[in-house]
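Each remark here refers to the structure printed beneath this line.
These numbers come from the heavy atoms of this one structure, side chains and all, not from hydrogens, waters or symmetry mates.
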Amino acid sequence: MASVPSLASTVDQRIADALSAALPEAGTADVLLRRSDRADFQANGILALAKKLKGNPRDLATRVLGALSAPGVIADAEVSGPGFLNITVADRAITETLAARLADERLGVPHAEHAGTTVIDYAQPNVAKEMHVGHLRSAVIGAAMVEILEFMGEKVVRRHHIGDWGTQFGMLIQYLIEHPHELDRSASTDAAASAEAPSEEAGEAAMSNLNRLYKASRAAFDSDEEFKARARDRVVALQAGDTETTAMWQRFVDESKVYFYSVFGKLDVEIHDPDIVGESGYNDMLAETCRILEETGVAVRSEGALCVFFDDVKGPDGNQVPLIVQKSNGGFGYAATDLSAIRDRVRNLGADTLLYVVDVRQSLHFKMVFETARRAGWLNDGVKAVQLAFGTVLGKDGKPFKTREGETVRLADLLDEAVDRATAVVREKAEKAGLGEREIEENGRYVGIGAVKYADLSTSAVRDYKFDLDQMVSLNGDTSVYLQYAFARIQSILRKAEGTASPAPHAELALAPAERALGLHVDRFGETLAEVAEAYEPHRLAAYLYQLASLYTSFYDQCPVLKADTPEQVENRLFLCAVTGRTLKQGLSLLGIRAPERL
């Protein structure tokens, strides 16, 4: 397992060597290598260097060109414009680099130079509440970033900060104590015992039980003052750790997990028990967190509440709006829990990066929380916190996605409809692909769930996007189905070639324009992943894969594979198919999307 230098890095190094040889006074100037429409690459750094050295940029570029020696790598180089260097790489270099990638299980992608430990906070549903379309983006984006960062060598700790604490549990627990048979676990006991793989039926039964109980307890709370008083007393008992109350609370959490796991399983996102550390997980730290903040002067008392103030956070009246860590009645707010979580993740988990995949509408809250943590010293030059903020899922009308009745769309229903639509698309092509009913249903799931994920991940996270299933499952355009069909087409070609030719490259052969374009793009895979991991922008990977599939389609149309002119050319093109297929599959996998062998 060895990393393979990209063509861009190889060319960059050769130009840097030439620059040092021709202009030793330049020091370690940046070559500023870029992709170019006029050649494969363009080096722009000499323009800035000419200003520094007070020289003519074209003359300097000519001197660098004269010192450039890269046999087998650079086919052509010329000075262009005011002092650019245009570089065309050799066909042999493309083929040999891709051959090294295909021979490596990681496609030659290097691990990050300075890998550390990242705690990712994502997929945060609430106990005793249904998951809706608003829970989609955190789960999908977070899961993709987990896969990408781990692939790049980062140690990743998953954290699901579920909403499992608060005043509503007093109402629910008190009702359950007074009506002990309301929470019927008969349908989900076996599923709960199977740890993290409950059936869809068990999940639905769990949610049905919770919904029924919530509505009944809410009705009692709103209509019966004596029950309301008992429910509030129950909150105090829960916070105090009363044994009976805590046991009832745990039943709600366990029942909710049966439901969570069934929905996440449908979404093809892995969630494990040890990774679920909800709001309740930090209860024992809250008082200490507040004490530290107050003793260090980071937080101050204001009208009885413990607050942190910021010069740049003001309300409409011009007064500062504080972050309330502890309420005037002694209760703890979300800020106390979030700050305690930061302390735990830095001190106990050894994190040097905290990544929060959270709705953009919570940006101000997290800005204040992060700044408070910096003032307290929990975040510093060696530990950073980042919010990977995401926008809203919209309907076709551009408004927040709702049902026809105006209700929030249940996530499970949305996923079911996506799978149904995708299965219909797969079924239309099934006979030609030779698919049986089992494969049709399996591929329908892969295509449907992939379509939902890709629509989300192909959009810059911070932007809103329209949820349009008709477009998502289309075979044309920027969709996961288009990418999955490109992969399936590659596998079909490779199956047909079995026994007649091996996908071994012939580096001495010249490449057609479509072969060159495809090969150069395949070689950018590692660079793209490094950019995605650095900026936390999975949409860049989606864009790379879409362009890869598009370039493969052009190659397929312009360059016959099995009917190429010579056996050597057949083998070269099979090789290009193989390395493209491996790259497509690996890229889709990192986005959490499966690639069926036949479609």
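- Note: Leu415 CG to Leu136 CG = 7.0 Å, rounded to the nearest 0.5 Å.
- More than 12 non-hydrogen atoms from other residues, nucleotides or ligands lie less than 6.0 angstrom from CZ of Arg35.
- Note that the CG atom of Asp76 and the CG atom of Asn86 stand 9.0 Å from one another [nearest 0.5 Å].
- Summarising the geometry of Leu457 relative to Ala542, their closest heavy-atom pair is O-CB, 4.0 Å, with the distance given to 0.1 Å.
- Between Pro125 and Phe264 the shortest side-chain heavy-atom distance falls below 4.5 Å.
- Side chain of Arg421 to backbone of Gly448: no donor-acceptor contact under 3.5 angstrom is found.
- Between the side chain of Asp468 and the main chain of Lys396, no donor-acceptor pair closer than 3.5 Å is present.
- Side-chain contact between Asp352 and Glu154 is present, with heavy atoms from C-beta onward closer than 4.5 Å.
- The CZ atom of Arg598 sits 10.0 Å away from the CD1 atom of Ile440 when rounded to the nearest 0.5 Å.
- Pairing each heavy atom of Leu388 with each of Met145, the nearest pair is CD1-CG, 3.7 Å.
- A distance of 12.5 Å separates CD1 of Ile94 from CZ of Arg92, quoted to the nearest 0.5 Å.
- Here the CZ-CD distance, from Arg594 to Gln484, works out to 11.0 Å after rounding to the nearest 0.5 Å.
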Exercise for review: Give the C-alpha distance, both sets of side-chain angles, the deciding distance and a yes or no for ring pair (Phe, Tyr, Trp, His ring centres under 6.0 Å) between His506 and Phe575.
Suggested key: CA-CA 9 Å; His506 294 270; Phe575 157 73; 9.7 Å; no
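- Judged by distance alone, the side chain of Arg573 and the main-chain N or O of Pro560 form a donor-acceptor pair under 3.5 Å.
- Summarising the local packing, NZ of Lys585 is surrounded by 12 or fewer heavy atoms from other residues, nucleotides or ligands at distances under 6.0 Å.
- Residues Val532 and Met152 have side chains not in contact (no heavy-atom distance under 4.5 Å, counting atoms from C-beta outward).
- Applying the 6.0 Å contact sphere to CZ of Arg495 captures more than 12 heavy atoms from other residues, nucleotides or ligands.
- Two residues are said to be in side-chain contact when any heavy atoms from C-beta on lie closer than 4.5 Å; Leu68 and Ile87 meet this criterion.
- Between Thr10 and Pro5 the shortest heavy-atom distance is OG1-CB, 3.8 Å.
- Taking NZ from Lys402 and CG from Asp397, the interatomic distance works out to 11.5 Å, rounded to the nearest 0.5 Å.
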Exercise for review: Verify side-chain hydrogen bond (donor to acceptor under 3.5 Å, both in side chains) between Glu147 and Ser589, making sure each step is shown before the conclusion.
Suggested key: CA-CA 8 Å; Glu147 295 298 324; Ser589 175; 5.7 Å; no
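- Enclosure of atom CD in Glu437 by more than 12 non-hydrogen atoms of other residues, nucleotides or ligands within 6.0 angstrom is indicated.
- The shortest distance between side-chain heavy atoms of Val481 and Tyr454 does not fall below 4.5 Å.
- Not a single donor-acceptor pair under 3.5 Å links the side chain of Glu130 to the backbone N or O of Arg410.
- A donor-acceptor pair is defined here as one N or O able to donate and one able to accept, closer than 3.5 Å; such a pair exists between the side chain of His160 and the backbone of Tyr122.
- Atom CD of Glu270 is surrounded by 12 or fewer heavy atoms from other residues, nucleotides or ligands within 6.0 Å.
- Between Leu414 and Phe467, some side-chain heavy-atom pair lies under the 4.5 Å cut-off.
- Counting heavy atoms of neighbouring residues, nucleotides and ligands inside a 6.0 Å radius, atom OH of Tyr556 does not exceed 12 of them.
- The backbone N or O of Arg463 sits nowhere less than 3.5 Å from a side-chain atom of Ser460 that would complete a donor-acceptor pair.
- No side-chain heavy atom of Gln42 sits less than 4.5 Å from a side-chain heavy atom of Asp37.
- More than 12 heavy atoms of other residues, nucleotides or ligands sit less than 6.0 Å from atom CD of Glu508.
- A distance-only check finds a donor-acceptor pair linking the side chain of Tyr259 to the backbone of Met131 [under 3.5 Å].
- With His521 contributing its side chain and Ala549 its backbone, the two residues share no donor-acceptor pair below 3.5 Å.
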